[in-house]
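Working notes, beginning with the structure itself.
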Amino acid sequence: MTPSIPGHVEQEPVGLSLPLRSRREVEEEIARRVAEERERLITLAVPRAGAAHFRRPAERPFTASERDTVTILIGGLTWKHEHLIRAVFQSAGYKVEILPTPDVQSFQLGKEYGNNGQCNPTYFMVGHLIKFLQGLEASGMTRQEIIDRYVFFTAGSCGPCRFGMYESEYRLGVQNAGFDGFRILLFQQNDGIKAASGEPGLKFTVDFGLGALSALNLGDIINDVSYQIRPYEVVPGETDRVLAELLEDLSARMRDRRMFEALDHLPRWLAARIASRRTLKNTVSVLGKIADHWYGRQTRAALAAARERLSRIEVDRLRVKPLVKVTGEFFAQTTEGDGNFRMFSFLEREGAQVQVEPIGNWIMYLLYQARERYLQQRRVSAGKLPAWQLRRRAAAAFRHRLRLASYAAGRRIFERQYERMVEGLGGIGHPLSNMQELADLAAPYYHRLARGGEGHL
């Protein structure tokens, strides 16, 4: 006989007291519950009287009048890229400060103040921004002074991966940490430089755009070259010492660069005629600036000086080193701290040569994706015009060829400028990857139009 337990109520096994139901009855019950849930969701979706539609919170703009008092914070790339990008901002008259390399403490702060389930870059980047702001507060600044005198500049995007949510996570993290109202400026893949509110304080100019492009390319190539030289250096630490000198010199040259004005280099009578025609003046000015940034004396002198400094490093190429390529998360390929477990320095200590990934490959991937998406849309819409409308079909075919030519020209121009910088720094930098070749290699496993992260890249 089973002893009774005080307070315990015997229950029948679940299911034994329920009547057996036929499959038809079960399916009817499922259909009824689905219909009830559908009705409930439809009711929720119908706007209720007085219900306010969600609106993105208005962000305080960064205005042109604040340029002399507000400091722009940047970070998240290699220190080579960051020093050169800072110089470009400074050449345009902005106050800029580089955030420290994210560490484990930053990661913990990111987890404390951010959402659950975020990806590694978000936790590190949000956390080290909060850590920096907390450091400013510890130094004596009030939170309102920090909010008024600092903004954070980062990349933004959209799409299926969490990259599109980084901006929101930055805002949520700093808000939870007590810095509500701290401003985030975005560099959108599709929209260029702006704040979410469309602020005019961070102005995109031809000189700024060309300088930023040169900074990214130079940062890529110098980073690549340094990882090719360091494993073979005869004097330990020589590469890093020369690299610091080189970046200091390049940054000074980019910061103090004299901006080219085409009208100053033309005969007075011709400059006066061009100046009176706005469209012609702007066209001549833009073309002159492009030629100066890409082929001008200042650019050639900077590359020659950098090449000469790199040539001083004594190397022993007879050493045998395994070549290791790091792939995967974009952040893990660019950060050099705890964000990738200090992977690059670990591999070099173990006797490897690391091949790093340039940001230029990502830009080439974006150009490739834009062309492929256009071609896919073209296949869908190509047959909409009737066969007898010959003029409209001919015009559409011409626009199609012009569009393809523009994609090809953009890709080739970017690729050629990257090649020129590789040549200017001694010719040992790796070329950019062939995106079509990568797409063909990935085709059995990953569709070229599947998006998320860096896709098939």
Side-chain angles (χ1 to χ4, degrees), residues 56-63 66-83 85-86 89-90 94-156 162-187 193 195-197 199 201-202 329-332 334-342 345:
R56 182 193 188 119
E59 185 180 43
R60 174 184 164 193
F62 170 50
T63 63
E66 296 179 292
R67 290 178 185 171
D68 295 332
T69 58
V70 172
T71 299
I72 299 173
L73 303 175
I74 60 174
L77 298 175
T78 74
W79 69 271
K80 300 95 170 173
H81 290 87
E82 290 168 352
H83 277 68
I85 291 171
R86 178 180 61 182
F89 273 95
Q90 290 172 336
Y94 298 105
K95 298 176 65 176
V96 183
E97 190 167 342
I98 299 174
L99 291 173
T101 302
D103 54 17
V104 173
Q105 184 183 356
S106 301
F107 174 77
Q108 297 298 340
L109 285 172
K111 295 198 72 173
E112 178 180 352
Y113 292 109
N115 271 324
N116 293 330
Q118 292 302 301
C119 52
N120 205 47
T122 308
Y123 284 137
F124 273 98
M125 294 296 292
V126 170
H128 95 298
L129 175 58
I130 294 172
K131 180 182 177 182
F132 181 84
L133 299 182
Q134 289 177 340
L136 293 176
E137 186 179 18
S139 69
M141 293 182 67
T142 66
R143 291 188 175 181
Q144 190 58 50
E145 286 176 334
I146 295 171
I147 292 170
D148 291 340
R149 292 165 56 182
Y150 288 88
V151 295
F152 180 58
F153 178 80
T154 185
R162 285 169 289 189
F163 190 19
M165 300 303 296
Y166 280 14
E167 169 200 357
S168 299
E169 291 303 324
Y170 292 141
R171 289 198 175 92
L172 176 66
V174 296
Q175 179 182 1
N176 290 341
F179 299 93
D180 191 14
F182 184 82
R183 289 168 287 179
I184 309 293
L185 304 182
L186 290 183
F187 177 80
I193 299 175
S197 57
E199 56 79 21
L202 192 57
E329 168 60 55
F330 185 77
F331 179 73
T334 56
T335 189
E336 296 173 310
D338 292 341
N340 66 1
F341 305 100
R342 303 185 181 273
S345 57

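Everything numeric here is computed off the predicted structure, so don't read it as measured data.
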Side chain to side chain contact (heavy atoms under 4.5 Å, CB included) evaluation trace for Leu73 with Phe182 = CA-CA 12 Å; Leu73 303 175; Phe182 184 82; 4.2 Å; yes
Return yes if some donor-acceptor pair links the side-chain N/O of Arg183 with the main-chain N/O of Pro61 below 3.5 Å, else return no.
-> yes
Nearest heavy-atom pair of Glu169 and Thr122: which atoms, and what distance?
-> CB-CG2, 3.6 Å
Is there side-chain contact between Leu99 and Phe152, with at least one heavy-atom pair below 4.5 Å?
-> yes
Can you run down the salt bridge (charged side-chain N to carboxylate O under 4.0 Å, His left out) pairs that involve residues 69-81, sequence neighbours left out, and say none if there aren't any?
-> Lys80-Glu336
Distance in Å, Glu112 CD paired with Gln105 CD, rounded so as to fall on 0.5 Å steps = 10.5 Å
Between Asn176 and Gly114, is there a donor-acceptor pair closer than 3.5 Å when you use the side chain of the first and the backbone of the second?
-> no
Short side-chain to backbone donor-acceptor contact, Arg171 and Ile184, under 3.5 Å | yes
What residues, two or more places apart in sequence or in another chain, satisfy side-chain contact (heavy atoms from CB on, under 4.5 Å) together with Asp338?
-> Asp103, Val104, Phe124, Arg342
What distance do Glu82 atom CD and Glu97 atom CD have between them, rounded to the nearest 0.5 Å?
-> 12.0 Å
Nearest atoms (heavy-atom pairs only) where Asp180 meets Ile147 = O-CD1, 3.1 Å
Drop me the distance from Phe132's CZ to Tyr150's OH, to the nearest 0.5 angstrom.
-> 5.5 Å
Here the pair of heavy atoms bringing Gln134 nearest to Tyr113 is NE2-OH, 3.8 Å
Partners passing side-chain contact (heavy atoms from CB on, under 4.5 Å) against Tyr123 (at least two apart in sequence or in another chain) = Phe107, Lys111, Gln118
Hey, are the side chains of His81 and Thr334 touching, using non-hydrogen atoms and a 4.5 Å cut-off?
-> no
Separation between CZ of Arg143 and CG of Leu133, rounded to the nearest 0.5 Å | 10.0 Å
Of all heavy-atom pairs linking Thr71 and Val96, the shortest is CG2-C, 4.1 Å
To the nearest 0.5 Å, how far apart are OH in Tyr170 and CG in Leu185?
-> 12.5 Å
Here the gap from Ile72 atom CD1 to Thr154 atom OG1, rounded to the nearest 0.5 Å, amounts to 13.0 Å
Return the minimal non-hydrogen interatomic distance between Ala177 and Ile130, and the atom names on each side.
-> CB-CG2, 3.7 Å
Closest heavy-atom pair, Ser106 versus Lys131, reported as atoms and distance to 0.1 Å, is OG-CD, 3.7 Å
